[in-house]
Student: 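My questions all concern the structure below.
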Amino acid sequence: MKIQPLDDRVLVQPATENETTASGIIIPDTAKEKPRRGTVVAVGNDKDLQKLIKKGDEILYGKFTGDELSYDGVDYLVISQGDILAKLN
Amino acid sequence: MKIQPLDDRVLVQPATENETTASGIIIPDTAKEKPRRGTVVAVGNDKDLQKLIKKGDEILYGKFTGDELSYDGVDYLVISQGDILAKLN
Amino acid sequence: MKIQPLDDRVLVQPATENETTASGIIIPDTAKEKPRRGTVVAVGNDKDLQKLIKKGDEILYGKFTGDELSYDGVDYLVISQGDILAKLN
Amino acid sequence: MKIQPLDDRVLVQPATENETTASGIIIPDTAKEKPRRGTVVAVGNDKDLQKLIKKGDEILYGKFTGDELSYDGVDYLVISQGDILAKLN
Amino acid sequence: MKIQPLDDRVLVQPATENETTASGIIIPDTAKEKPRRGTVVAVGNDKDLQKLIKKGDEILYGKFTGDELSYDGVDYLVISQGDILAKLN
Amino acid sequence: MKIQPLDDRVLVQPATENETTASGIIIPDTAKEKPRRGTVVAVGNDKDLQKLIKKGDEILYGKFTGDELSYDGVDYLVISQGDILAKLN
Amino acid sequence: MKIQPLDDRVLVQPATENETTASGIIIPDTAKEKPRRGTVVAVGNDKDLQKLIKKGDEILYGKFTGDELSYDGVDYLVISQGDILAKLN
């Protein structure tokens with residue numbers, strides 16, 4: 001990945017809504033304010049962040065969290081650690 | 001539980017309203033602003049949090065506290081330690 | 001008491017308004033913004049709080065302070081230490 | 001005094017407006033936003049506060065500062081140290 | 001001076017507007033938002049403040065800064081250190 | 001470069017919108033709220049900043065981030081470290 | 001200079017708008033929100049500030065930054081370090 005988040009931020013590829021994942025979470029289309037899920041593709045340089053979150057982790061975050069960007073036709077989010085609600089094991 | 005809250009957050013399964021629990025608390029349907037009760041199903045990695053709250057604890061929290069998510073058809077809340085008002089012994 | 005406040009919070013049973021207490025304080029019904037009085041029934045785990053406030057203390061707090069909850073038909077408030085104005089000796 | 005302020009608060013008996021004190025300060029009735037004066041009747045347990053303010057000190061504070069309470073028919077204010085503008089020597 | 005400011009506050013006697021001082025500063029009547037000038041008549045107990053400001057210093061401060069009070073017919077301001085813009089040498 | 005940002009700020013020359021860079025990022029004209037990209041031309045004196053960002057780095061930042069200035073007919077932005085979302089490797 | 005800024009503030013003599021300086025910066029009259037430029041004529045007593053900014057430095061700052069004052073017919077600004085965007089070398 002050529003995009004390196006700074007500090008305590010992660011770069012996330014959001015999951016498609018209504019998708020049933022291997023871990024079994026369904027977030028229905030009508031749940032407008034519910035958290036969303038994505039896969040971490042790059043982790044910032046913050047040490048505490050790196051203990052908690054690794055590349056490849058699936059995380060949950062609030063619907064209006066993060067800054068959007070596009071790379072090679074794929075949409076990503078840059079999300080701060082404090083906006084990550086949980087990760088999926 | 002496959003959902004792991006980060007930092008000082010807990011994952012809570014909210015109790016049904018109007019329910020009379022073993023510990024005797026009744027929160028009537030009409031008490032719109034009163035705290036709600038739930039059972040902790042996962043605890044974040046924060047050390048101070050882990051001393052205070054264990055998996056299985058019943059806790060009280062404000063009505064508009066936390067972020068909702070769904071897992072296998074069950075609704076949960078992700079709640080920060082600072083929004084937990086009390087636990088039931 | 002089965003309800004254990006967290007951190008620097010106390011559980012308080014509010015006094016009835018217009019009541020004349022043994023310590024002689026009267027808070028008239030018309031004094032809408034004046035502090036209210038209650039009896040502490042449980043104290044949080046914060047060490048500084050525990051030096052200042054004991055179970056059984058009568059305290060004064062602002063009228064719109066705290067989160068209400070009901071237990072066995074009795075109303076309580078959960079109040080943070082910073083919202084306690086004074087205690088009665 | 002049976003009312004013990006907590007932390008960095010003092011209990012104050014406000015002076016009557018338009019009064020000329022021994023220290024010579026007059027705060028006219030028309031000066032709606034000007035500081036008011038009162039006598040400290042109890043001091044909180046904060047160590048820094050206790051070095052600065054003693055029981056019996058006359059202090060100045062802003063007009064809308066503090067929480068009012070009544071005791072044996074006398075009105076008092078509970079005021080935080082940060083809201084005390086000056087004391088009179 | 002019988003009025004002793006607390007902490008990091010000073011007691012200031014404001015200069016008359018439109019006055020030309022020995023140090024040559026003129027603040028015209030029409031400059032409604034410009035800083036004002038005054039003479040320090042008492043200094044609070046804060047150590048850092050006492051290194052910077054002495055009794056007798058002329059200081060500049062914002063127009064809406066400070067709390068007004070009257071003493072023996074003279075108007076004063078109580079001003080926090082953070083609201084002092086500069087002093088005149 | 002004659003302009004030296006202070007503290008944790010960088011001076012950035014914004015990329016032209018709709019441009020396809022060597023690193024392959026396209027930010028379309030219609031994405032009004034998406035992050036923008038620029039090249040760092042000067043770095044502030046903050047030590048932590050200097051470990052993360054070097055002159056010549058391409059960075060991403062929010063659309064309404066930073067203060068604009070003009071130098072020899074070229075537009076620049078002064079951006080704080082906390083507003084840098086990511087850098088491109 | 002007889003005006004001594006306190007703490008982390010500098011006293012600045014603003015440059016005339018539309019002026020082309022020796023360092024080549026032009027800030028056109030129409031750029032209403034762009035930073036402005038000035039010359040530092042006095043530096044506060046803050047140690048960190050004094051390492052970064054010397055008397056005589058040209059600095060850039062936001063258009064609505066600082067408190068205005070007049071001295072011997074010349075207009076000045078008192079600006080905090082945090083509002084200085086950059087200096088010109």
Student: Could you check D:Asp57, D:Leu52, D:Leu88, D:Asn89 and say which one makes a side chain to side chain contact (heavy atoms under 4.5 Å, CB included) with E:Gln4?
Tutor: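 Passing option: D:Asn89.
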Student: Considering all heavy atoms of both residues, which atom of D:Lys87 and which atom of E:Leu6 are nearest to each other, and what is their separation?
Tutor: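 For D:Lys87 and E:Leu6, the tightest heavy-atom pair comes out as CG-CD2, 4.4 Å.
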Student: Heavy-atom cut-off 4.5 Å, strictly under: side chain, backbone, both or neither for D:Ile59 against chain E?
Tutor: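 Interface part for D:Ile59: neither.
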Student: What are the two closest non-hydrogen atoms of E:Pro5 and D:Ala86, and how far apart are they?
Tutor: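 Closest heavy-atom pair between E:Pro5 and D:Ala86: CA-CB, 3.8 Å.
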Student: By the definition side chain to side chain contact (heavy atoms under 4.5 Å, CB included), identify the one residue from E:Leu69, E:Val78, E:Ile3 that meets it with D:Leu85.
Tutor: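 Of all the options given, the one that passes is E:Val78.
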